[in-house]
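Working notes, structure below.
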Amino acid sequence: MDTSSPAVFANAELLKMYTGRRVRAVVQVIRNEGGVLVGKSTDGQQLTVKGSPAFPLSHFVEVIGIADGNQSIRAEISTDLGENFDVVAYDGLCQLANGKHRKLFL
């Protein structure tokens, strides 16, 4: 596993803490707009993903990239996770990875 440039687990709320840094987030696709994906983060807020290929509506997508402002990520890697995903569990993971257990995560 490459640990030279770790990606922080983040949802839309936590993204603002990591502007300019590499993050990992999951969004549910709301729409695709010519290289820009608009999706709903696991905390229910809207996120914009720039440079992502188009994915089917309602699919969940894991995005790894650079936090580019409050509600935006410049995608490096995008992975289709399908139509079923446990957003509550992932959002809990984001909270743990950015809270008192942050030392357990890269």
Side-chain angles (χ1 to χ4, degrees):
M1 178 161 91
D2 180 13
T3 59
S4 61
S5 182
V8 178
F9 287 97
N11 57 25
E13 179 64 30
L14 295 166
L15 199 63
K16 62 187 168 202
M17 295 172 26
Y18 298 107
T19 300
R21 292 188 49 203
R22 199 162 194 244
V23 296
R24 155 186 321 254
V26 172
V27 297
Q28 184 175 25
V29 179
I30 296 172
R31 65 183 180 276
N32 296 288
E33 298 175 344
V36 176
L37 180 150
V38 178
K40 183 168 70 169
S41 175
T42 56
D43 62 356
Q45 297 183 43
Q46 185 171 297
L47 275 180
T48 301
V49 180
K50 300 172 187 171
S52 176
F55 288 98
L57 298 181
S58 297
H59 275 224
F60 291 92
V61 177
E62 180 185 50
V63 178
I64 298 173
I66 305 300
D68 186 29
N70 225 9
Q71 302 291 316
S72 176
I73 299 172
R74 280 181 286 129
E76 296 172 347
I77 301 169
S78 300
T79 306
D80 189 344
L81 301 175
E83 295 182 37
N84 298 308
F85 187 80
D86 190 340
V87 295
V88 174
Y90 188 88
D91 202 58
L93 175 63
C94 290
Q95 299 303 321
L96 287 172
N98 289 281
K100 68 179 184 177
H101 299 291
R102 88 181 316 151
K103 291 183 182 183
L104 296 174
F105 299 87
L106 293 176

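Computed from a prediction, not measured in an experiment: that's the story for all the values here. For reference, positions follow the sequence shown, starting with 1.
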Point to revise | Spacing of N98 atom CG and N11 atom CG [to the nearest 0.5 Å] | key: 8.0 Å

Point to revise | Listed partners of E76 passing salt bridge (Lys or Arg N to Asp or Glu O under 4.0 Å), at least two apart | key: R22

**Study point:** Interatomic spacing from CG in L81 to CG in D86 - rounded to 0.5 Å
**Key:** 12.0 Å

Exercise for review: Using the test salt bridge (Lys or Arg N to Asp or Glu O under 4.0 Å), find all partners of D43 that sit at least two apart in sequence or belong to another chain.
Suggested key: none

Practice item. Can you sort out the partners of R21 under side-chain contact (heavy atoms from CB on, under 4.5 Å), two or more places apart, ordered by chain and number? Key: V8, Y18

Point to revise | Inter-residue atom distance Q28.CD - T42.OG1, 0.5 Å rounding | key: 11.0 Å

Check your understanding: Does the side chain of I66 reach to within under 4.5 Å of the side chain of I73, using non-hydrogen atoms?
Key -> no

Practice item. Assess the side chains of Q45 and E13: does a donor N or O sit below 3.5 Å from an acceptor N or O? Key: yes

**Study point:** Spacing of L47 atom CG and L15 atom CG [to the nearest 0.5 Å]
**Key:** 6.0 Å

Exercise for review: If a pair satisfies salt bridge (charged side-chain N to carboxylate O under 4.0 Å, His left out) and one of its residues is in residues 45-54, list it, with sequence neighbours excluded.
Suggested key: K50-D68

Check your understanding: Shortest non-hydrogen contact from R31 to Q46?
Key -> NH2-NE2, 4.5 Å

Study note, to complete from the structure: Exactly one candidate in L37, V36, V38 meets side-chain contact (heavy atoms from CB on, under 4.5 Å) with V49; the answer is L37

Practice item. Taking all heavy atoms of S41 and all of A12, pick out the closest pair and write down the distance. Key: OG-N, 3.0 Å

Could you give the side-chain donor-acceptor pairs of residues 53-65 under 3.5 Å, partners two or more places apart or in another chain?
unit_1 : atom_1 : unit_2 : atom_2 : d
H59    : ND1    : D80    : OD1    : 3.0
H59    : ND1    : D80    : OD2    : 3.1
E62    : OE2    : R24    : NH1    : 3.1

Point to revise | All side chain to side chain donor-acceptor pair (under 3.5 Å) counterparts of S78, not counting sequence neighbours | key: S52

Check your understanding: Looking only at heavy atoms, which two atoms of Y90 and A10 are closest? And how far apart?
Key -> CE2-O, 4.3 Å

